[in-house]
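In the text below, chain A, chain B and the rest are named by the order of the sequence lines, each starting its count at 1. The figures here come from the full heavy-atom set of this structure, side chains too, leaving out hydrogens, waters and symmetry mates.
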There are 2 protein chains.
Amino acid sequence: MANTQGASTRGDGGALRCLKQVGLRPTRQRLALAGLLFGDSHRHVTAEALHAEAVDAGVRVSLATIYNTLHQFVKVGLLDEVVVDPGKSYFDTNTTEHHHFYHEDIGRLEDIPGSSVVLGRLPDPPAGKRIASVDVVIRVTGDR
Amino acid sequence: MANTQGASTRGDGGALRCLKQVGLRPTRQRLALAGLLFGDSHRHVTAEALHAEAVDAGVRVSLATIYNTLHQFVKVGLLDEVVVDPGKSYFDTNTTEHHHFYHEDIGRLEDIPGSSVVLGRLPDPPAGKRIASVDVVIRVTGDR
DNA sequence: CAATACATTAGAATCGTTCTAATTACCGAC
DNA sequence: GTCGGTAATTAGAACGATTCTAATGTATTG
Ligand SMILES: [Mn+2]
Ligand SMILES: [Mn+2]
Ligand SMILES: [Zn+2]
Ligand SMILES: [Zn+2]
């Protein structure tokens, strides 16, 4: 479980509670971004895409702040960072353990339903190391 | 199976046969790079690292050619590209199906022995898509 | 040993991201 | 409410990896 606070169902002081809970000041920008990110369903966004979306929604926020905020959200556990493409990071509002389809042709990430089990047993980590995370990415492409 | 030609054990016209086999002209640069890449054991290199290694070995080759060559080698199946770090690509001389430990602290990739089985069954791909590859990355970090 | 197609190159350009230094906003104390 | 201190935001420069461009060099074939 995670994101138990997940910004209820619109209208929304949920973003405020969400920020309070993780000890980040509820600034105009962070409130707006939390509002965009933590709606009803989970999302996978890039920094540029979120910036475009914010600007489009009339939120005045710089790209620098988008990056600052995304990284802060990752640090406090509100987001996960997913690496599937060299040269671009995706941020994932689903912070539970799960894996991904990556649609290479269109650059879209999609959660793999947890029910379709993927992992068998894990190998032991190299001596003196501990496992930080296990990422499974199934790359898919347009039909044939 | 793959890389069945794997540049024998030094001295080496192996690189030449290797290029002939995939239909790439055996230029000075490509021969040298194939020599560096396809030795006795498998390697995971970045473009910059391979360039440094080549220059260090007295091979005169530009960074542009390193990129050209790596991508050509990927296209003909001599190399795989592995994405574990936003903003940097790794190239893998092991083109058999396998998975990786990624040592986040030092930026090193390590093959997971195929014996330590990792995958259970795979989920069905989204409708109208086919699975291009399945990447498993186990991120590990320095001890405690 | 042409002629031709292919390959290499230096350097500029691009892209995503991070940094810098200046401005602005939040917030607790009064 | 006002103030002061600290934290946050910002524009724009800087950065690192990669790609592109257009000029030069080299393998191949006849
Ligand atoms: Mn990052
Ligand atoms: Mn590439
Ligand atoms: Zn996800
Ligand atoms: Zn490998």
Check: Among D:dT18, C:dT9, D:dT9, which nucleotide sits nearest the side chain of B:T65?
Finding: C:dT9

Item checked: Between C:dA7 (P) and B:K75 (NZ): distance, integer Å -> 10 Å

Checklist line | Bend angle of the helix from C:dC1-D:dG30 to C:dC30-D:dG1, end axes from five pairs each (to 10°) | finding: 30°

Margin query: Applying side-chain contact (heavy atoms from CB on, under 4.5 Å) to A:D92 and A:L79, what does each step give before you reach the verdict?
Written below: CA-CA 5 Å; A:D92 191 346; A:L79 291 176; over 6 Å; no

Just the atom pairs and distances: protein N or O near nucleotides 10-16 of chain C's N or O, under 3.5 Å.
unit_1 : atom_1 : unit_2 : atom_2 : d
C:dG16 : O3'    : A:G87  : O      : 3.2

Notebook entry, point to check: Which residues satisfy the ring-ring contact (aromatic ring centres under 6.0 Å, His included) test with B:H51, sequence neighbours excluded?
Noted result: none

Next item on the list: For A:H51 and D:dT9, give me the distance from atom NE2 to atom P, rounded to whole Å.
Entry: 13 Å

Notebook entry, point to check: Can you name the residues that form a side-chain hydrogen bond (donor to acceptor under 3.5 Å, both in side chains) with A:D85, not counting sequence neighbours?
Noted result: A:Y102

Under-3.5 Å N/O pairs linking protein and nucleotides 23-27 of chain C:
unit_1 : atom_1 : unit_2 : atom_2 : d
C:dC26 : O2     : A:R25  : NH1    : 3.4

Margin query: So, using side-chain hydrogen bond (donor to acceptor under 3.5 Å, both in side chains) as the criterion, who are the partners of B:D80 when residues are at least two apart?
Written below: none

Note to self: Any side-chain N or O of B:H71 below 4.0 angstrom from OP1/OP2 of D:dT18?
What the structure shows: no

Checklist line | B:E110 with A:K129: basic N within carboxylate O range, under 4.0 Å | finding: no

Checklist line | Other residues, nucleotides, ligands: >12 heavy atoms within 6.0 Å of A:R60 CZ | finding: no

Next item on the list: Can you label the angle between the A:F38 ring and the A:F73 ring as parallel, tilted or perpendicular, going by 30° and 60°?
Entry: tilted

